[in-house]
Amino acid sequence: MNIKNLKKIKNYNFKKLNKKIYKKWILNKYFNSNYNKNKKSFYLLLPPPNITGDLHIGHILNFTIIDILARIKRMKGYNVCWIPGTDHASIATEIKVIKELKKNGININDLTKKEFNKILLNWSKKYNNIIIDQLKSIGCSCDWNRLQFTMDKNTYKSVINVFIYLYKKGMIYKKNRIVNWDIYAKTTISDEEIIYKNKVNYLYYIKYFTEDKKDFLVIATTRPETIFGDTAVCINPTDKRYKKIINSKKKLIVPIINRIIPIITDKSVDKNIGTGCLKITPAHSNEDFNIYKKHKINIINIFNNNGTLNNNCLNYSGLDRFIVRKKIYIKLKKLGFLVKKKKILSKIGFSERTNTIIEKKLSLQWFLKMKKFIKPALKEIKSKKIVFYPKKKYDNLFYKWIKNIKDWNISRQLNWGHKIPVYYYNNKFVVAKNLNSAIKIIKKKNNNINIYSIKKEKDVLDTWFSSWILPISVFNGINNPNNIDFNYYYPIDVLVTGNDILFFWVLRMIMFSTFLIKKKPFKRVYFTGIIRDKIKNKISKSLGNYKNLYYLLNKYGADGLRVGILWNNHEYDFIFNDKLCIRGRNFINKIWNSFKLVININNFNIINKNKIQYKLIIKWFNNILYYNIYKLNILLNNYKIYKSFILVYDLFKKKFCSIYLEFIKNKNNKINKFVKKKTFKFFYILLKILHPYAPFITEYIWNILKNKEDITISSWPIISSKKFNKKVIKKFNNTFSFIKYLNTIKFNKKKKNIIFIYKSTENKFRKNIYFSLVYKLSLIDKIKFKTKFSIKQKYLFFFYKKYKFYLLKKNIFVKNVNVKIYKKINFYKKFLLKIKKKFFIYINIYYCY
RNA sequence: GGGUGAUUAGCUCAGUUGGUUUAGAGCAUUUGCCUUACAAGCAAAAGGUCAUUAGUUCAAAUCUAAUAUCACCCA
C-alpha cells in the first residue's frame with residue numbers, strides 16, 4: 001500500500017483486513033507444528049467448546065489467553081502445538097436439538113432413531129463450522145491440521161479401547177443402584193450436573209396407625225406421594241419417645257394403600273429432623289436404599305421414566321408426581337390422617353440441562369470403580385508438580401473431592417454419544433470392540449448361539465468419559481502409545497480453563513493420566529474467573545444471556561474485543577459489558593494513529609543539530625522501555641496475563657504516545673537523524689510486545705514498515721537487567737512528577753517564571769531533577785539558587801517532597817495556590833492528635849504512680 | 001452446616017515482601033481546545049473516614065483478630 005494514501009485512512013479497517021491477514025498466516029503454515037527434536041515443544045489444548053451453539057464471551061476470554069501464550073512462546077522459538085477441537089456434549093446437544101425440533105413443530109417420538117441421528121449429525125457439522133470460523137476470526141493460532149471432534153473415528157476408537165481396558169481390569173460393572181433421573185431427558189445424570197436451589201416447600205405430618213389401630217406414629221415428609229413406595233418406618237434406637245412402640249414389635253399400616261410395614265431401628269436416623277420417624281422408600285432415596293440393604297425389607301419402584309406414577313400406585317398411576325402430591329394431601333386430610341402442614345425452606349435438586357426437579361430412582365446402570373484412581377492422583381497432587389495459576393490453595397479441595405469420590409455412573413439413556421461396547425445374548429453379555437469380535441467371543445463360549453439374537457447395548461457413555469482422556473487421545477496416544485508426536489508433546493504445558501470445571505474435567509484428567517500412563521496430564525493449570533452478565537448470572541449457552549459474537553466482532557474488531565476483555569482482572573469473576581470493548585477499540589485506534597505519526601516522521605527533514613532535551617528524552621525512553629520489557633517478561637514467566645497487558649498498555653499509551661511522541665513531534669517537520677532512527681527502533685519493539693494481545697493490526701503495520709516480513713514469526717525481545725539503569729529511571733520519574741506538580745500552580749503566562757531555591761540544596765536538586773526537561777515541559781523558564789529570601793513581600797513558598805522552593809508573588813494567581821496543601825495540613829493535624837492521644841494515656845499512667 | 005474469596009471514587013476495577021508519589025486507571029461528570037497522528041483525541045478539574053472496630057508497629061489500604069455484608073463451591 002502507498003504510504004501517502006494511508007495518511008488519509010482514519011481508522012484501521014478490521015472488517016476488510018483481518019480475514020486476509022489470517023489467510024496469510026494459514027498459507028505460510030505458521031501455526032502448524034511437527035515433530036522437531038531440535039526445538040522445545042509447547043503443547044496447548046483448546047478446551048473443546050460444546051457444539052450446542054456458537055461461542056460466547058466466556059470462550060473468547062479463555063481462548064484469547066491461550067492465544068497470547070501461544071504467540072509469545074512461538075516468538076520465543078518454541079515449537080508451539082495448539083490443538084483445537086469441539087465436544088459432542090451428548091446430553092446438552094440432544095436436549096438442545098429436541099427443543100429446537102419442538103419449536104418447529106416436530107416431536108421426536110415421530111422420528112425413527114436413524115432420522116434423529118441424522119439430524120444430530122447435521123447439527124454437529126453446522127455448529128462445528130461456526131465454531132471453527134469464530135475461532136479463526138478472533139485470531140486463534142491453532143494447528144488446524146490437528147482439528148479434533150470427540151465423535152471422530154480416532155477418538156471413538158480411543159473411548160471404546162479405554163472402556164474395554166477398564167472392563168478387563170474389573171473396574172467397570174453393571175448394577176442396580178439409586179441414580180439421579182432427569183424426567184425430561186429420560187436419562188441418568190451425574191451428581192455434578194445437579195444444581196441445588198432454595199425453594200419454599202411443605203412438610204406434611206402424617207399418622208401411621210398400628211395394625212390394631214390402638215396406637216399411631218406421626219411421620220414428617222416433604223413427599224407424601226411416595227407413600228406408595230413405603231416398605232418400613234425407621235427410628236433411631238436411642239430415641240426414648242418411641243421406646244414403647246418399638247418394643248411392642250407392632251406393625252404399621254400405610255394410609256390409603258393399607259400396606260402393612262414393619263418398624264425398624266437404625267442409628268443413621270436423625271432424632272431432630274421432623275418427628276424422628278422416617279418413612280423408608282428404598283427405591284427413591286440413597287439413605288433409604290442403604291437402610292434397605294441392611295434390614296432386608298421390601299423395595300417398590302413407584303415412578304415411570306417420565307415422572308408419572310406407575311402401576312404400583314392404585315388409581316393414581318399415570319398421573320404426574322406433583323398432581324399426585326396435591327391429591328394425596330386432600331385425601332389424607334379427608335380421611336383424617338393428616339396432622340399438619342408446615343412451611344419450610346429446603347434445597348431441591350434441579351437438572352442443569354433441563355431445569356426439571358431430579359428424581360432419585362433405582363436403576364440398572366454401568367458404573368466405573370473410582371478407588372484405583374485415587375492413589376496415583378493423590379501422589380501427583382501431593383508432590384505439587386502441577387502448578388496452579390493464579391496461585392491459590394486447591395489442594396484441600398482436591399483432597400476433599402477425592403476422599404468423597406463415589407463410583408462414576410457412566411451410562412446415559414441417550415442417542416447422541418459413544419455407544420457402550422457391550423453385546424447381549426441369552427441374558428448374558430460380552431464386551432467387545434465391534435459386532436464381529438463380539439460374535440467370535442460368544443461363539444467360543446456357546447457355539448449354538450443364533451447370531452441375530454445378539455443385541456448391542458443401547459446406552460451411550462457420559463460426555464466426560466471422552467473428555468478425561470482427551471490430552472492423550474488427541475495424539476492417538478491411547479490406540480498407539482509409542483507414536484512420536486505423543487512422546488514429543490505430552491504433557492500439556494499450560495491448560496487454560498474456567499474454575500467451574502475443576503472437578504468435571506481437571507481432576508478427572510489427572511486421575512486418568514496418572515492411572516493409565518503414570519504421567520501427569522499437564523504441567524500447569526491457568527484458571528480464569530467466570531464472566532457474568534449485568535445481574536451477575538454466569539454467561540452460558542443454556543441461559544443465552546450474551547450477545548452474538550459476530551455482532552461484537554463487527555462492531556469492535558477482533559483486536560478490540562481481545563484487548564477489551566483483557567481489561568478486567570480475569571483471575572476473579574467479572575461483569576462483562578460493551579464498554580470494555582469500546583475501550584479496547586479506542587486503544588487499537590491509538591496504535592493505528594501512532595503508526596500514522598511514525599510514518600509522518602519518516603518524511604521529516606533531517607537536521608544534524610541535536611538538542612539536549614531530545615538526548616534526554618531518548619535516554620529516558622530507552623531506559624523505561626527496556627525496564628518495562630524486563631518486568632513484562634517476569635510477569636509472563638509467572639503467568640500474570642492481566643498485569644502484563646496493563647503494563648504493555650501503560651508503556652505504549654502513557655509513556656510512548658503521551659510523552660515520547662508528543663515530545664518529538666513538531667510543527668517545523670524537522671528531526672534529528674539519531675532521534676528518527678531511535679523512534680523507529682522503539683516502535684518496532686513496541687509492536688512486537690503488542691502483537692500477542694492485538695495480533696491483526698500489529699501484523700498489518702509490520703508488513704508495511706518491514707516490507708512484507710511477518711511479525712508472527714519475529715523474535716520476542718528479551719532484555720537483560722544491564723540494559724537499563726534504575727537510578728536514571730528514578731531521576732526521570734522525579735522530574736516528571738515535579739513537572740506535574742509545577743503544572744498545578746496557576747502561573748501568569750505573560751511573565752518570565754523563575755524558581756528560586758536555597759543554595760544549600762543545589763547539589764541534591766541537580767542530582768534528582770533534569771532541569772532541561774523542566775524548562776521544556778513546564779511554564780518555568782529558569783531555576784536559580786539563592787542564599788537569602790525576603791519571604792513576606794516578594795515570594796511565596798511551596799513544598800515539593802523535601803524541597804522548598806520559591807516563586808515570585810506577582811507571577812502567580814495566589815487564590816488558586818494548591819488546595820492540596822491544605823489537605824496535607826489536615827492530615828498532619830490528625831496525625832498530631834493521634835500522638836497527643838498516646839501521650840495523654842502515658843501521662844495518665846504516670847499520674848497513677 | 002463446612003470451605004474459599006471479596007468489600008478502595010457515581011460505576012468497573014488496579015494497588016508488588018508494610019515506607020519509594022499527595023491511594024492509581026478506564027468509563028461517567030465539569031471546564032478549555034477541531035492544534036499537521038488520533039474528538040474513538042489532547043490539556044485540566046472535581047470526586048476516597050481504603051466496609052466497621054480493636055490490636056501489632058516509628059509507620060497499616062497492605063499484617064492479626066472480631067463484626068457486618070456479598071459471591072462462589074461442597075453437603
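Order of the sequence lines sets the chain letters (A, B, ...), proteins ahead of strands, with each chain counted from 1.
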A:F576 pairs by side-chain contact (heavy atoms from CB on, under 4.5 Å) with which of A:N568, A:L61, A:I531? A:I531

Residue whose closest nucleotide on RNA chain B lies nearer the 5' end, A:I575 versus A:R532: A:I575

Return the 5'-most residue of the pair A:Y642, A:D191 with respect to RNA chain B, ranking by each residue's nearest nucleotide. A:Y642

Send over the distance from [X] [atom1] to [N] [atom2], rounded to a whole Å.
| X | N | atom1 | atom2 | value |
| --- | --- | --- | --- | --- |
| A:L647 | B:G24 | CG | P | 18 Å |
| A:L632 | B:U16 | CG | C1' | 16 Å |
| A:N638 | B:U17 | CG | C1' | 14 Å |
| A:N568 | B:C11 | CG | C1' | 12 Å |
| A:D573 | B:A6 | CG | P | 13 Å |
| A:Y639 | B:U16 | OH | P | 23 Å |
| A:I530 | B:G5 | CD1 | C1' | 13 Å |
| A:F574 | B:A14 | CZ | P | 11 Å |

Gap in Å between the two [atom1] atoms, one belonging to [N] and one to [M], rounded:
| N | M | atom1 | result |
| --- | --- | --- | --- |
| B:G3 | B:C42 | P | 50 Å |
| B:G48 | B:A54 | C1' | 23 Å |
| B:U8 | B:C34 | P | 40 Å |
| B:C38 | B:U57 | C1' | 50 Å |
| B:G26 | B:A68 | P | 38 Å |
| B:A23 | B:U69 | P | 31 Å |
| B:U36 | B:G41 | C1' | 14 Å |
| B:U56 | B:U64 | C1' | 7 Å |

Can you list the residues that meet the salt bridge (charged side-chain N to carboxylate O under 4.0 Å, His left out) rule with A:K360, with sequence neighbours excluded? none

Looking only at side-chain N and O atoms, does [Y] offer a donor or acceptor that is under 3.5 Å from a partner on [X]?
| X | Y | value |
| --- | --- | --- |
| A:N409 | A:T188 | yes |
| A:T679 | A:Y660 | yes |
| A:Y526 | A:N62 | no |
| A:N725 | A:N623 | no |

Contact under 4.0 Å: A:N569 side-chain N or O vs B:C13 OP1/OP2: no

Can you list every stem that RNA chain B is part of, counting only runs of 3 or more consecutive Watson-Crick or G-U wobble pairs with both distances under 3.5 Å? B:1-7 with B:68-74, B:10-13 with B:24-27, B:29-33 with B:41-45, B:51-55 with B:63-67

Write down the atom of A:F587, the atom of A:K653, and the distance for their closest heavy-atom approach. CE1-CB, 4.3 Å

Specify the closest pair of heavy atoms between A:G584 and A:V563, including all atoms of both residues, with the distance to one decimal. CA-CG1, 3.9 Å

Is the centre of the A:W620 ring less than 6.0 Å from the centre of the A:Y770 ring? no

Measuring centre to centre across the rings, with the benzene-like ring taken for any Trp, is A:F682 within less than 6.0 Å of A:F656? no

Going 5' to 3' through nucleotides 26-42 of chain B and flagging B where a protein heavy-atom sits under 4.0 Å of the base, S where only the sugar-phosphate is that close, and - otherwise, we get SS---------BBSBSS

